[in-house]
Amino acid sequence: MARLTLLLPAASRFAGVALPPALAQALGRADRARAVPGEPELLARHFDLRPRGWPAAALTRLLDAGENEARGATWLRADPAHIRPDINGARLLGVGANLGMDQADVDALLSVLRPLFDDAGFVLDAPHPARWYLRLPAVTPLPAFAPPEQALGDDVFEHAQRDDAARRWRVLESELQITLHNHPHNAARLASGRVPVNALWFWGGGDLPDAVSADAATVYSDDPAVLGAARLGKLQGMPLPAFDQVQGAALVDLRGQRDPRALLEHWLVPAAARGEAIFDFADGLSFALHRGQRWRLWRRPMTAISG
């Protein structure tokens with residue numbers, strides 16, 4: 001049977017969650033390994049991009065506008081964001097899709113923000129209401145901006161870059177926040193029960209890779225960057241709900257799933273029952289399951305997912 005590979009959130013997410021007996025036994029007998037932790041490192045273990053890296057903005061741009069349009073430029077996501085000041089600083093509380101963005105927001109805000117980037121030679125556009133982009137000259141050097149999933153809930157100053165390359169971006173961020181703070185469309189958003197868009201969050205910069213390959217020809221994910229990588233690599237990229245447990249070899253991206261008990265019940269237990277599977281967690285722990293491991297009778301069941 002073809003192997004199923006599950007890309008999973010950190011194993012620490014499962015702390016204190018009891019394992020069903022069949023899964024506990026399968027994991028106890030599986031081959032266990034440790035790799036470098038982190039979501040970029042997890043993706044790099046299963047997607048081979050040339051050149052190396054994970055330029056999320058370029059990959060999602062391909063998904064939104066096609067490969068021809070995505071070539072020949074450096075792309076940076078500049079997603080609408082909500083930052084709330086508090087006594088200790090300012091916290092990032094929403095970015096892109098979780099702000100309930102629609103085309104009316106794009107129409108109201110984009111035209112007043114574009115001129116702020118003109119002097120730098122950057123072009124701001126939004127082919128998707130939740131995914132905004134800056135087009136920069138090819139191979140433009142960029143600071144190491146933090147992705148939203150890493151910064152959400154944190155004080156934004158914890159993730160601010162302070163080197164020389166970041167100085168111009170700090171100036172732009174200040175100008176953007178002033179413009180957005182004074183924009184009447186945010187009053188309309190508040191009246192409709194939505195938070196104001198008071199910042200843009202820069203992240204995911206880079207150029208479109210030359211080539212992509214992966215561990216399997218079929219990829220299931222709700223991450224637009226993963227689906228963009230699949231399209232670039234001529235793989236079959238499918239939304240996560242399209243997955244069928246009886247399918248053959250596949251990569252299934254479950255990093256965005258938040259309920260550890262649901263992950264165990266709906267994904268890990270059925271995958272372990274197949275007998276051929278890899279469970280790769282974002283904090284570096286992984287398990288390789290093979291049918292022949294059922295003869296490892298001396299191995300004790302695991303009581304919890306841990307290193």
Side-chain angles (χ1 to χ4, degrees), residues 2-14 23 33 35-49 52-64 77 79 95-98 128 130-131 147-150 152 203-204 206 208-209 211-272 274 276-289 305:
R3 179 173 295 180
L4 183 66
T5 300
L6 304 186
L7 310 186
L8 296 156
S12 58
R13 186 80 58 82
F14 296 83
L23 180 61
V36 178
E39 287 201 12
E41 291 77 12
L42 170 63
L43 292 169
R45 289 197 287 276
H46 300 280
F47 293 90
D48 186 10
L49 277 62
R52 305 290 184 188
W54 190 259
L59 294 171
T60 59
R61 184 70 185 195
L62 180 151
L63 193 70
D64 288 335
R77 288 280 288 271
D79 291 343
V95 179
N98 57 20
H128 186 286
R131 296 194 286 274
E149 64 271 12
Q150 180 181 324
L152 275 171
W203 69 283
L208 193 67
V212 173
S213 59
D215 293 349
T218 304
V219 177
Y220 295 88
S221 179
D222 288 333
D223 183 341
V226 169
L227 295 176
R231 182 173 297 183
L232 183 59
K234 305 298 188 290
L235 310 171
Q236 185 177 23
M238 305 285 287
L240 192 57
F243 179 77
D244 183 344
Q245 292 282 6
V246 301
Q247 293 284 347
L251 273 171
V252 184
D253 177 17
L254 299 167
R255 293 170 299 130
Q257 305 300 300
R258 301 305 178 196
D259 184 343
R261 290 178 174 81
L263 276 169
L264 291 178
E265 179 182 352
H266 299 305
W267 293 99
L268 273 70
V269 169
R274 291 167 56 110
E276 296 289 334
I278 292 176
F279 300 161
D280 200 349
F281 295 87
D283 49 3
L285 179 65
S286 68
F287 296 88
L289 286 70
I305 294 176

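Given the structure is predicted, the values throughout are model-derived calculations rather than measurements. As a basis for the values below, the full set of heavy atoms in this structure was taken, side chains included, without hydrogen atoms, waters or symmetry mates.
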What's the spacing between [X] [atom1] and [Y] [atom2] if we round to 0.5 Å?
X	Y	atom1	atom2	result
Ile278	Leu8	CD1	CG	11.5 Å
Arg274	Leu4	CZ	CG	4.5 Å
Glu276	Thr5	CD	OG1	10.5 Å
Arg3	Asp215	CZ	CG	9.5 Å

Handout entry: Test log, rule side-chain contact (heavy atoms from CB on, under 4.5 Å), inputs Ile305 and Leu268
Key = CA-CA 11 Å; Ile305 294 176; Leu268 273 70; 4.1 Å; yes
Report yes if the side chains of [X] and [Y] come closer than 4.5 Å at any heavy-atom pair, otherwise no.
X	Y	answer
Trp54	Val226	yes
Asn98	Pro148	no
Leu59	Leu208	yes
Phe47	Val219	yes

Could I get the full list of side-chain contact (heavy atoms from CB on, under 4.5 Å) partners for [X], not counting sequence neighbours?
X	value
Ala130	Ala97, His128
Arg258	Arg13
Leu240	Tyr220, Asp222, Val252, Leu254, Gln257, Trp267
Val269	Pro20, Leu23

Mind listing the closest non-hydrogen atom pair of [X] and [Y] along with its distance?
X	Y	result
Pro270	Leu264	CD-O, 4.2 Å
Ala271	Ala277	O-CB, 3.8 Å
Pro55	Leu49	CD-CD2, 3.9 Å
Ala214	Leu235	CB-CD1, 3.6 Å
Leu42	Ala282	CD2-CA, 4.0 Å
Asp223	Ala225	OD1-N, 2.9 Å

Quick one: salt bridge (charged side-chain N to carboxylate O under 4.0 Å, His left out) partners of [X], sequence neighbours excluded?
X	answer
Arg131	Asp64
Asp48	Arg50, Arg52
Asp253	Arg255

Practice task
Using the salt bridge (charged side-chain N to carboxylate O under 4.0 Å, His left out) rule, collect all pairs that involve residues 224-233, keeping only residues at least two apart or in two chains.
Solution key: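 For residues 224-233: none.
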Fill in the blank from the handout: With sequence neighbours left out, the residues meeting ring-ring contact (aromatic ring centres under 6.0 Å, His included) with Phe281 are Phe14
Practice task
For the pair Asp283 (side chain) and Ala11 (backbone), establish whether a donor and an acceptor sit closer than 3.5 Å, ignoring hydrogens and angles.
Solution key: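 A pair under 3.5 Å: yes.
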